[in-house]
Colleague: 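Take a look at the following structure, please.
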Amino acid sequence: RGLHNGNNAFSWNSRRMFSSNEKHLPAISDPKIETAFKDLMAASWNELPGSLVEEAKKAVSMATDDKAGQEALENVFRAAEACEEFSGVLVTLRMALDDLCGLTGENVGPLPGYLEEAVKSAYSRYMTYLESFGPEEHYLRKKVESELGTKMIHLKMRCSGIGSEWGKVCFY
């Protein structure tokens with residue numbers, strides 16, 4: 001499963017504050033793994049900074065007795081990379097819709113079939129990905145929803161007659 005948003009109110013620091021109920025996070029005993037884990041969870045996954053990628057790769061591959069912590073970090077890292085890639089897809093789709101309709105909606109009309117299929121496919125991939133998280137990964141699902149949910153809603157806002165299943169799309 002797989003950080004800097006210039007439009008984010010905290011872009012001066014290129015990080016968001018990470019606040020979560022610690023009891024829902026996996027137990028990590030190695031301080032380097034824990035730091036990399038928390039840094040990834042606190043960061044925006046729109047464009048992962050190279051320094052954070054290096055920190056995570058180093059922590060995932062280092063020798064440690066904390067195998068469970070390493071696995072948790074690896075899962076978060078894969079999710080961050082996947083979100084970074086899928087964010088690009090969603091932004092490209094939104095831009096295609098804007099180009100088609102005009103920024104003020106002056107050219108509104110039926111979507112071409114290929115674009116309608118692309119939007120449906122994006123929704124399907126998003127929901128399938130969210131459903132892939134187990135109950136012990138609730139914190140990770142919420143992070144993915146927070147990273148991708150807004151972009152999904154931006155697509156939804158540009159399409160009329162969209163199915164009621166899109167009501168399940170949210171962000172935190």
Colleague: Check the pair Lys58, Glu54 against salt bridge (charged side-chain N to carboxylate O under 4.0 Å, His left out), reporting the backbone distance first and the verdict last.
Modeller: CA-CA 6 Å; Lys58 188 183 289 185; Glu54 289 307 311; over 6 Å; no
Colleague: Applying the 4.5 Å side-chain criterion to the ILVMFWY set and letting contacts propagate, would Tyr114 and Leu97 be lumped into a single cluster?
Modeller: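 Result: yes, single cluster for both.
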Colleague: Any sub-3.5 Å donor-acceptor pair from Asp30's side-chain atoms to Asp66's backbone N or O?
Modeller: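 Between the backbone of Asp66 and the side chain of Asp30 there is no qualifying donor-acceptor contact (under 3.5 Å).
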Colleague: Out of curiosity, Met157 CE to Thr150 OG1, how far, rounded to the nearest 0.5 Å?
Modeller: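 It is 10.0 Å, given to the nearest 0.5 Å.
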Colleague: Tell me whether Glu34 contacts the main-chain N or O of Ser29 through its side chain, where contact means a donor paired with an acceptor under 3.5 Å.
Modeller: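 Side chain of Glu34 to backbone of Ser29, a donor-acceptor pair under 3.5 Å: no, none is there.
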Colleague: Hey, mind stepping through Lys143 and Glu147 against salt bridge (charged side-chain N to carboxylate O under 4.0 Å, His left out) and telling me if it holds?
Modeller: CA-CA 6 Å; Lys143 176 66 173 170; Glu147 293 295 329; 2.8 Å; yes
Colleague: Who are the side-chain contact (heavy atoms from CB on, under 4.5 Å) partners of Thr35, not counting sequence neighbours?
Modeller: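 Scan of Thr35 (side-chain contact (heavy atoms from CB on, under 4.5 Å), adjacent residues dropped) gives Asp39, Glu55.
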Colleague: Going only through I, L, V, M, F, W and Y residues with side-chain contacts under 4.5 Å, is there a path from Ile153 to Val91?
Modeller: no
Colleague: Quick check: do Tyr126 and Leu90 have side-chain heavy atoms less than 4.5 Å from each other?
Modeller: no
Colleague: Looking at residues at least two apart in the chain, or sitting in another chain, which of them share a side-chain hydrogen bond (donor to acceptor under 3.5 Å, both in side chains) with Ser124?
Modeller: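 Counting only residues at least two positions away or on another chain, Ser124 forms no side-chain hydrogen bond (donor to acceptor under 3.5 Å, both in side chains).
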Colleague: Is the shortest side-chain heavy-atom distance between Leu52 and Trp45 below 4.5 Å?
Modeller: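 Side chain of Leu52 against side chain of Trp45, heavy atoms only: no contact under 4.5 Å found.
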Colleague: So does Pro26 get a backbone contact from the side chain of Glu136, meaning a donor-acceptor N/O pair under 3.5 Å?
Modeller: no
Colleague: Quick one: are Leu155 and Tyr123 in side-chain contact, heavy atoms under 4.5 Å?
Modeller: no
